[in-house]
Amino acid sequence: MHQLTLAEIARGLADKKFSSEELTKVLLARIAQLDPQLNSFISLTEDLALQQAKAADARRANGESGALLGAPIAHKDLFCTQGIRTSCGSKMLDNFKAPYDATVVAKLAAAGTVTLGKTNMDEFAMGSANESSYYGPVKNPWNLECVPGGSSGGSAAAVAARLLPAATATDTGGSIRQPAAFTNLTGLKPTYGRVSRWGMIAYASSLDQGGPLARTAEDCAILLQGMAGFDPQDSTSIDEPVPDYSAGLNGSLQGLRIGVPKEYFSAGLDPRIADLVMASVEELKKLGAVVKEISLPNMQHAIPAYYVIAPAEASSNLSRFDGVRFGYRCEDPKNLEDLYKRSRGEGFGPEVQRRIMVGAYALSAGYYDAYYLKAQKIRRLIKNDFMAAFNEVDIILGPTTPNPAWKLGAKNNDPVSEYLEDVYTITANLAGLPGLSMPAGFVDGLPVGVQLLAPYFQEGRLLNVAHQYQQNTDWHTRTPTGF
Ligand code: GLN
């Protein structure tokens with residue numbers, strides 16, 4: 001039963017092949033048995049899950065239907081869940097029980113999902129390896145010596161290991177797409193403003209966006225449907241109608257114009273990944289797509305711009321964690337200043353402290369124009385490159401990551417080498433565009449992802465292209481040995 005996708009679960013529940021309660025029990029037992037190898041969960045919510053499963057079964061018995069009614073999922077541990085620990089992967093919030101549900105959590109619960117638990121993540125979503133979590137690193141089910149990607153590594157490892165069919169995640173600079181690539185999943189970062197950020201603990205507010213992680217594009221469509229939509233409580237939420245994503249999956253790709261940026265194939269890209277990217281292009285050509293080389297000339301500036309903007313916003317967002325109102329407070333503070341300093345010094349891990357220092361420096365008087373303002377100007381140039389490209393093509397295709405998953409610990413003493421791994425994903429966040437990563441092959445037994453980018457609010461186009469690709473390839477069906 002654990003092999004079922006969300007779409008298959010919906011059919012099984014509708015046909016009364018099994019109940020949500022039965023399925024939930026199977027998955028909870030599987031998590032108890034297998035998760036100690038992976039460390040993909042920070043908290044399990046068994047009682048809530050069984051209660052929600054029974055309620056979903058009762059709703060179905062009363063004639064209700066819906067693709068998510070009775071579907072087991074988990075939330076990345078930065079979505080606030082009322083009365084349940086919401087740690088953000090940090091000692092700072094280890095004792096924090098959210099007083100309310102994030103909009104995403106509330107919407108999915110109303111659609112009838114069953115919450116199995118809260119998944120592990122890089123501390124405050126800062127990282128690309130899920131090694132900065134206060135709760136320890138997550139292991140990649142494809143190779144337990146490798147990282148699963150980050151920061152949504154817990155969601156990715158759990159779904160890849162078939163502990164559950166899908167999970168929520170967030171993406172500030174790649175944290176949905178990169179772990180999807182590293183664990184053979186499909187992951188979608190929506191357009192900025194498509195999914196409410198209310199109750200999603202902020203890392204870099206102008207970049208953060210929640211989205212689905214699942215095995216197939218079909219399942220991402222189902223989960224995104226439950227997450228997307230205008231939220232008056234989030235001032236950056238956009239009041240655009242949400243299309244029926246599942247209904248759009250079978251559109252023809254005849255004449256679809258795919259742009260492949262020449263800058264993507266620079267020296268840093270593993271040539272074996274480059275080959276798999278081009279193989280995916282050939283596959284899409286067979287389905288009627290036409291391919292064109294394009295250029296994104298300002299891409300080289302994306303990493304420096306991102307690693308100014310994201311820490312700057314983080315340093316501001318994280319100033320609320322001061323030992324007074326939320327979370328960790330140091331023992332026996334001598335005075336107020338000591339309380340602030342030691343609560344923050346003891347509560348935040350080294351990567352978070354590094355980012356706060358970089359961000360505070362970039363925002364400080366005298367440096368603001370040189371760093372933050374300059375980075376915002378680069379951001380506009382990057383957006384303009386995309387706008388020009390989308391005048392010529394319908395989607396942009398390339399690698400999700402320059403390399404496959406690396407060994408645990410390999411980059412621990414070299415944060416910049418980890419930052420460089422985000423080269424293909426962060427441009428979509430800087431521009432606010434939607435992006436999807438889908439499985440496209442293997443290198444040394446490790447999964448490789450191909451990234452698709454589309455114009456604003458064209459999530460449906462990304463899902464359509466990925467679904468058609470998945471109807472004609474079987475990479476996404478491969479299962480890691482032992483799971
Ligand atoms: N790896 C990037 C960072 O560390 C992106 C993380 C994310 O998307 N949350 O900032």
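Please read all numbers here as calculations on a predicted model, not as lab measurements. Just so you know, ligand 1 is whichever comes first in the structure, and atom 1 is the first atom listed for that ligand.
Taking a cutoff of 4.0 Å between a charged side-chain nitrogen and a carboxylate oxygen, Asp322 and Arg344 do not qualify as a salt bridge. The pair Asp77-Lys118 meets the salt-bridge criterion, with a side-chain N (NZ, NE, NH1 or NH2) lying under 4.0 Å from an Asp/Glu carboxylate O.
A distance limit of 4.0 angstrom between heavy atoms and ligand 1 selects the residues Ala125, Met126, Gly127, Ser128, Ser151, Asp171, Thr172, Gly173, Gly174, Ser175, Tyr203, Tyr306, Tyr307, Arg355, Asp422.
Ring geometry for Tyr419 versus Tyr307: interplanar angle under 30°, hence parallel rather than tilted (30 to 60°). Taking the six-membered ring where the residue is Trp, Tyr361 and Tyr371 present tilted rings, their angle falling between 30° and 60°. The aromatic rings of Tyr368 and Tyr372 sit tilted relative to each other, their planes meeting at an angle between 30° and 60°.
Lys411 pairs in a salt bridge (Lys or Arg N to Asp or Glu O under 4.0 Å) with only one of the listed residues (Glu421, Glu418, Glu351), which is Glu421.
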